[in-house]
Amino acid sequence: MTAKIGYDEVEIGTELPSRGFPLTRATLVRYAGASGDFNPIHWNEKFAKEVGLPDVIAHGMFTMAEAIRVVTDWVGDPGAVIEYGVRFTKPVVVPNDDRGALIEVSAKVAAKLDDNQVRVDLTAMSAGQKVLGMSRAVVRLA
């Protein structure tokens, strides 16, 4: 696969389509099984509260993976992502109800670099709080 977006088609400030990613406790259990991360803060409400958390929280790597989907969906090729990094600023709290939580992700082109690369800055929010800081990806475009 190759990127479906051309370098000449984007400018600094180009906004990528925003997305919301719903998650429930069942999502966390499935992710734990796939990743092998069975830390009880991600599935056991009693334990999470005992260690000072407000409730069960989503895996940081899961949150990070959901956020980058905005970029990979836009560019059309996950292999076009050259670099990606974030800082975890707030946990995504996942209540045990019918709604769960929602991670809302927006992104925009922040810089045009050499070699058909762009830097994309992402914003990930949940329950009105920024959950990822310094979330940036470098992507090679067509």
Side-chain angles (χ1 to χ4, degrees), residues 1-7 9-113 115-142:
M1 293 176 64
T2 59
K4 293 181 168 76
I5 304 291
Y7 183 81
E9 297 173 44
V10 300
E11 299 298 329
I12 294 173
T14 298
E15 294 186 15
L16 284 61
S18 298
R19 281 197 56 194
F21 300 96
L23 60 151
T24 64
R25 297 277 178 95
T27 309
L28 300 182
V29 170
R30 286 192 298 274
Y31 181 80
S35 69
D37 182 352
F38 294 101
N39 187 323
I41 64 172
H42 303 304
W43 57 269
N44 184 317
E45 185 174 330
K46 180 178 179 288
F47 182 84
K49 289 180 177 181
E50 285 175 354
V51 298
L53 294 168
D55 207 332
V56 165
I57 63 170
H59 301 74
M61 297 305 284
F62 177 80
T63 303
M64 188 178 176
E66 291 290 77
I68 196 65
R69 288 176 57 191
V70 167
V71 176
T72 59
D73 288 352
W74 171 70
V75 77
D77 178 8
V81 177
I82 305 298
E83 296 175 25
Y84 178 46
V86 306
R87 291 194 182 174
F88 301 105
T89 56
K90 299 277 184 189
V92 175
V93 178
V94 184
N96 190 19
D97 60 18
D98 294 335
R99 294 182 316 273
L102 180 67
I103 303 168
E104 299 171 281
V105 182
S106 59
K108 67 179 175 179
V109 175
K112 293 187 83 170
L113 311 170
D115 197 24
N116 284 12
Q117 295 179 26
V118 296
R119 190 187 87 219
V120 177
D121 290 354
L122 298 94
T123 301
M125 306 283 292
S126 184
Q129 295 190 354
K130 193 172 184 180
V131 295
L132 298 177
M134 300 293 290
S135 184
R136 297 178 174 173
V138 175
V139 182
R140 179 170 288 118
L141 300 180

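Note that the numbering runs from 1 along the sequence shown for the chain. Since this is a predicted model, take the numbers as computed values, not measurements.
- The minimum heavy-atom distance between V70 and P17, with the atom names listed, is CG1-O, 3.4 Å.
- Atom OG1 of residue T72 and atom CG of residue L16 lie 10.0 Å apart, to the nearest 0.5 angstrom.
- Under the ring pair (Phe, Tyr, Trp, His ring centres under 6.0 Å) criterion, H59 pairs with Y31, H42, sequence neighbours left out.
- Within 6.0 Å of CD on E9 lie more than 12 heavy atoms contributed by other residues, nucleotides or ligands.
- With V118 as the fixed residue, the side-chain contact (heavy atoms from CB on, under 4.5 Å) test singles out one of I82, V138, V10: V10.
- Remark: the backbone N or O of Q117 is not paired with any side-chain donor or acceptor of D115 at under 3.5 angstrom.
- Rounding to the nearest 0.5 angstrom, the gap separating the CD1 atom in I41 from the CG atom in D55 is 11.5 Å.
- Distance check, rounded to the nearest 0.5 Å: CG of N44 to CG of L53 gives 11.5 Å.
- In this structure, W43 contributes its side chain and F38 its backbone to a donor-acceptor pair below 3.5 Å.
- Here the closest heavy-atom approach between residue G60 and residue F88 is recorded as O-CE2, 3.2 Å.
- Nearest heavy atom pair, residue A107 against residue V120, reads CB-CG1, 3.7 Å.
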Please table the atom pairs, donor to acceptor, closer than 3.5 Å between any side-chain atom in residues 123-134 and protein atoms at least two apart or in another chain.
residue : atom : partner : partner atom : Å
S126    : OG   : L102    : O            : 3.0

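- Across every non-hydrogen atom of D121 and R136, the tightest pair is OD1-CG, 3.3 Å.
- Looking at heavy atoms from C-beta onward, F62 lies in side-chain contact with T27 at the 4.5 angstrom threshold.
- Scanning all heavy atoms of the two residues, the minimum distance from S18 to S106 falls at OG-CB, 3.4 Å.
- Within the 4.5 Å cutoff, the side chain of D37 has no heavy atoms near those of the M61 side chain.
- Taken from OG1 in T63 to CD1 in I57, the straight-line distance is 8.5 Å, to the nearest 0.5 Å.
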E66/R19 under salt bridge (charged side-chain N to carboxylate O under 4.0 Å, His left out): CA gap, chis, key distance, verdict: CA-CA 10 Å; E66 291 290 77; R19 281 197 56 194; over 6 Å; no

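- Shown here for L141 and V75, the closest heavy-atom pair between the two residues is CD2-CG2, 3.5 Å.
- To the nearest 0.5 Å, atom CD of residue E83 and atom CZ of residue R140 are 10.0 Å apart.
- Atom NZ of K90 has 12 or fewer neighbouring heavy atoms from other residues, nucleotides or ligands inside a 6.0 Å radius.
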